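Here the structure is laid out as structure tokens; the discussion comes afterwards.
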Amino acid sequence: MTTVLLAEDDVGIAEPLSRALQREGHQVVVAGDGPDALQCATQDEVDLLVLDLGLPGMDGLDICRRVRKQRPELPVLMLTARTDEVDFVVGLDAGADDYVAKPFRLAELLARVRALLRRSVPDALEVGGVRMELSARRVLVDGAEVGLANKEFELLRVLLHRAGQVVSREEILREVWNDPELKTSKTLDMHVSWLRRKIGGQRIATVRGLGFRFNVG
Ligand code: CA
């Protein structure tokens with residue numbers, strides 16, 4: 001699930017927008033002033049910032065510049081009521097990825113949000129001879145396509161995404177099986193062994209007592 005930080009002090013905008021984003025399947029955090037917005041935006045859980053240009057306590061442009069320094073990868077969609085072009089340019093200068101002028105149509109704003117989130121998620125992962133094409137749901141090992149079952153694909157995605165690091169059993173079970181209580185722990189071991197058979201056993205290391213690691217190179 002993605003988390004959208006909505007920095008907007010006008011409740012008449014924040015409330016309906018927040019509901020619409022939730023209907024799209026996002027978790028929404030609302031910040032009503034500048035300092036609060038800045039503090040929330042620098043948390044890792046936030047995947048997208050919808051930022052009103054006119055916030056109490058700190059200007060939206062200032063927030064955007066500061067957020068950019070700490071989290072250059074975070075997509076920022078600016079909301080502005082100032083319609084002169086200079087503000088737009090300055091807004092994008094400050095590092096916003098896109099902007100919507102108020103009053104906006106909800107459908108248009110949601111389309112921009114979708115586009116920004118799509119852009120921020122890479123569609124292919126490639127590490128150590130293993131390539132995953134996510135939207136095509138294709139896996140290539142040393143250039144040859146390998147057929148993976150659904151859970152094997154998700155498991156590989158989690159490991160590859162954090163290649164070189166240990167991913168704990170708990171994290172894998174939560175992300176792939178949605179089971180933080182470890183009831184499917186044995187199932188995980190079975191899937192790891194199937195996956196090893198398909199992509200090469202040396203690529204996935206067991207880290208005793210912790211979890212698994214996808215070996216880089
Ligand atoms: Ca405002």
Side-chain angles (χ1 to χ4, degrees), residues 1-125 134-135 154 157-158 161-162 165 167 170-171 174-175 178 180:
M1 200 199 300
T2 51
T3 300
V4 176
L5 172 61
L6 177 55
E8 170 61 77
D9 59 312
D10 184 340
V11 185
I13 293 173
E15 275 186 355
L17 186 50
S18 169
R19 278 197 300 273
L21 288 164
Q22 281 167 357
R23 277 197 301 274
E24 294 263 300
H26 308 303
Q27 200 170 330
V28 181
V29 179
V30 179
D33 64 52
D36 192 21
L38 182 61
Q39 209 217 332
C40 293
T42 48
Q43 313 286 310
D44 282 343
E45 303 82 66
V46 171
D47 301 296
L48 176 91
L49 169 60
V50 178
L51 178 62
D52 180 29
L53 197 56
L55 282 175
M58 195 186 290
D59 188 65
L61 294 179
D62 214 16
I63 295 169
C64 195
R65 282 192 201 100
R66 294 190 195 201
V67 168
R68 271 285 160 266
K69 271 189 205 138
Q70 291 187 53
R71 294 199 54 195
E73 82 295 350
L74 179 73
V76 178
L77 176 63
M78 200 77 103
L79 301 181
T80 175
R82 306 179 211 163
T83 47
D84 54 293
E85 274 194 308
V86 177
D87 273 337
F88 288 159
V89 174
V90 174
L92 296 175
D93 238 23
D97 297 283
D98 202 358
Y99 66 85
V100 174
K102 290 178 183 174
F104 53 82
R105 288 184 309 122
L106 208 49
E108 192 202 341
L109 188 134
L110 294 175
R112 301 288 183 94
V113 165
R114 262 179 245 128
L116 282 177
L117 287 172
R118 250 199 320 271
R119 221 194 292 164
S120 70
V121 178
D123 191 51
L125 298 168
L134 301 177
S135 57
E154 294 304 325
R157 189 218 295 253
V158 170
H161 191 66
R162 307 228 332 245
Q165 302 170 20
V167 187
E170 288 83 351
E171 285 170 89
R174 191 173 54 230
E175 286 192 40
N178 193 18

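One is the number of the first residue; the rest follow in order along the sequence. Please read all numbers here as calculations on a predicted model, not as lab measurements. Atoms within each ligand, like the ligands themselves, are counted from 1 in listed order.
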Got a donor-acceptor contact below 3.5 angstrom from the [X] side chain to the [Y] backbone?
{"X": "Arg68", "Y": "Leu74", "result": "yes"}
{"X": "Asp97", "Y": "Leu77", "result": "no"}
{"X": "Asp9", "Y": "Asp33", "result": "no"}

Among Leu49, Leu61, Ile63, which residue meets the side-chain contact (heavy atoms from CB on, under 4.5 Å) test with Met78?
->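 For Met78, the side-chain contact (heavy atoms from CB on, under 4.5 Å) check succeeds only for Leu61.
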What lies under 3.0 Å from the Ca ion (ligand 1), restricted to protein N/O/S atoms, is Asp9 OD1, Asp52 OD2, Gly54 O
Can you list the residues that meet the salt bridge (Lys or Arg N to Asp or Glu O under 4.0 Å) rule with Glu24, with sequence neighbours excluded?
->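 Applying salt bridge (Lys or Arg N to Asp or Glu O under 4.0 Å) to Glu24 gives Arg114.
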Find out whether Gln27 and Glu45 are in side-chain contact, i.e. whether some heavy atom of one side chain is under 4.5 Å from a heavy atom of the other.
->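 Side chain of Gln27 against side chain of Glu45, heavy atoms only: no contact under 4.5 Å found.
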